[in-house]
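Each remark here refers to the structure printed beneath this line.
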Number of protein chains: 2
Amino acid sequence: MRGAPSKPKAELMAVAAEPAADTPLDIGELADLLGYSMKRAQLKVFDHFLRVMAPLHLTPAQFSVLLLLERNPGRNQTEVANTLGILRPNFVAMLDSLEAREFCVRKRSSSDRRSHVLMLTEKGKATLARAKKLVAGKHEARLSEVLGEDNRVALVQMLAKIAREL
Amino acid sequence: MRGAPSKPKAELMAVAAEPAADTPLDIGELADLLGYSMKRAQLKVFDHFLRVMAPLHLTPAQFSVLLLLERNPGRNQTEVANTLGILRPNFVAMLDSLEAREFCVRKRSSSDRRSHVLMLTEKGKATLARAKKLVAGKHEARLSEVLGEDNRVALVQMLAKIAREL
DNA sequence: TATTGTTATACTCTATAACTATA
DNA sequence: TATAGTTATAGAGTATAACAATA
């Protein structure tokens with residue numbers, strides 16, 4: 001389909017001719033706009049992540065929370081949410097869901113009874129271990145395949161620099 | 001603030017000590033996750049775009065539509081929306097807003113009365129010209145300043161490759 | 001008085017079904 | 001019957017105000 005440009009209709013008489021339908025649009029300067037390529041690429045990357053992670057039903061945001069809890073056990077909700085750029089009110093439902101799936105627990109802090117100390121459960125640790133293997137073996141590996149490993153690393157460095165310095 | 005780590009409270013007796021509050025969390029493996037850096041960077045880039053474009057009140061999505069209409073006059077809503085990855089139903093309100101601001105017009109196609117042919121108005125062209133100057137002079141220029149011009153170009157190429165091939 | 005977790009709420013984006021008018 | 005534009009609607013994601021418990 002879409003092979004031969006068969007045009008049975010006579011269009012010779014078209015006056016202020018409308019453009020050749022069927023032809024892909026020219027994105028022009030959009031191709032050089034960093035924000036445009038970044039948004040399109042980001043959607044693809046998250047979509048690929050979700051497909052790879054489908055067996056574990058973890059979103060990128062959930063995975064990032066589990067990673068952070070593993071590396072920083074005993075922190076409170078405000079600290080974790082802030083680190084990830086999540087607003088505290090929006091972090092509540094997210095934690096509810098992770099706690100309902102028994103990946104982590106909230107515990108009243110003994111030193112400050114206002115705050116909840118967060119920790120992974122054994123189930124959370126096990127799930128995170130499986131998730132990491134999927135991400136490394138199927139997700140990041142695919143990105144290295146597309147870009148080349150050196151470029152993938154360079155790309156992450158540039159993105160981190162933008163996030164830090166822009 | 002946050003200069004000297006003044007710790008008046010005696011914490012020597014803490015048994016299963018909670019982590020040193022006040023210390024930034026360790027993002028660990030998150031720093032190497034492409035999707036994570038890309039999301040954080042993308043938010044920063046769009047935020048910067050919005051600040052630069054504040055005098056014209058144009059979002060990245062609106063700017064991309066105007067660019068596409070300029071380069072591809074006479075296309076219909078489905079074609080433009082598809083090219084930008086916008087769903088047709090969601091494109092309606094967006095066009096309503098751009099048309100209300102007199103940046104573009106919908107015209108019934110003479111060859112297919114179902115479709116609307118889209119074109120920039122003179123006001124739309126003039127606004128787009130101003131927008132392009134802001135983007136080139138203040139937005140992309142800032143990104144080149146942060147990354148270096150060669151790296152900025154290389155970055156766009158890698159992002160485009162991901163959008164195409166992942 | 002200030003902070004933690006929380007609720008309520010609102011606004012934007014995104015996604016799907018279904019209608020209408022044309023083809 | 002199929003397609004273009006549209007409406008309605010629902011779900012994420014994100015943002016702010018305010019309250020109870022605690023500091």
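Keep in mind it's a predicted model, so treat the numbers as computed, not measured. Order of the sequence lines fixes the chain letters, A, B, ..., with proteins taken first and strands second; residue numbering starts at 1 for each chain.
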[X] has an atom [atom1]; how far is it from atom [atom2] of [N], in whole Å?
X        : N      : atom1 : atom2 : answer
B:Leu118 : D:dA4  : CG    : P     : 13 Å
A:His116 : C:dT3  : NE2   : C1'   : 13 Å
B:Leu50  : D:dA15 : CG    : P     : 12 Å
A:Lys107 : C:dT4  : NZ    : C1'   : 17 Å

Is the closest side-chain heavy-atom distance between B:Gln62 and B:Ser97 below 4.5 Å? yes
A:Leu84 side chain near B:Tyr36 side chain, heavy-atom distance below 4.5 Å: yes
Report yes if a donor N or O on one partner sits less than 3.5 Å from an acceptor N or O on the other, where the partners are the side chain of A:Asn90 and the base of D:dA15; otherwise report no. yes
Look at the side chain of A:Arg113 and the base of D:dT22, then say whether one donor and one acceptor between them are separated by less than 3.5 Å. no
Take A:Ser115 and A:Pro89, find for each the nucleotide of DNA chain C with the closest heavy atom, and name the residue whose nucleotide sits nearer the 5' end. A:Ser115
Toward the 5' end of DNA chain C, by each residue's nearest nucleotide, A:Leu95 or B:Gly85: A:Leu95
Between B:Arg106 and D:dT6, is there a contact of a side-chain N or O with OP1 or OP2 at under 4.0 Å? yes
If only side-chain N and O atoms of A:Thr78 are considered, is one of them under 4.0 Å from the OP1 or OP2 phosphate oxygen of C:dG5? yes
Nearest heavy atoms of B:Val45 and A:Leu166, plus distance in Å: CA-CD2, 3.7 Å
Ranking C:dT14, D:dG5, D:dA23 by distance to the side chain of B:Asn76, first place goes to D:dG5
Taking the minimum atom-to-atom distance to the side chain of B:Gln77, which one of C:dA23, D:dA23, D:dT6 wins? D:dT6
Please step through ring pair (Phe, Tyr, Trp, His ring centres under 6.0 Å) for the pair B:Phe49 and B:Phe63, ending with a clear verdict. CA-CA 10 Å; B:Phe49 182 99; B:Phe63 179 66; 5.7 Å; yes
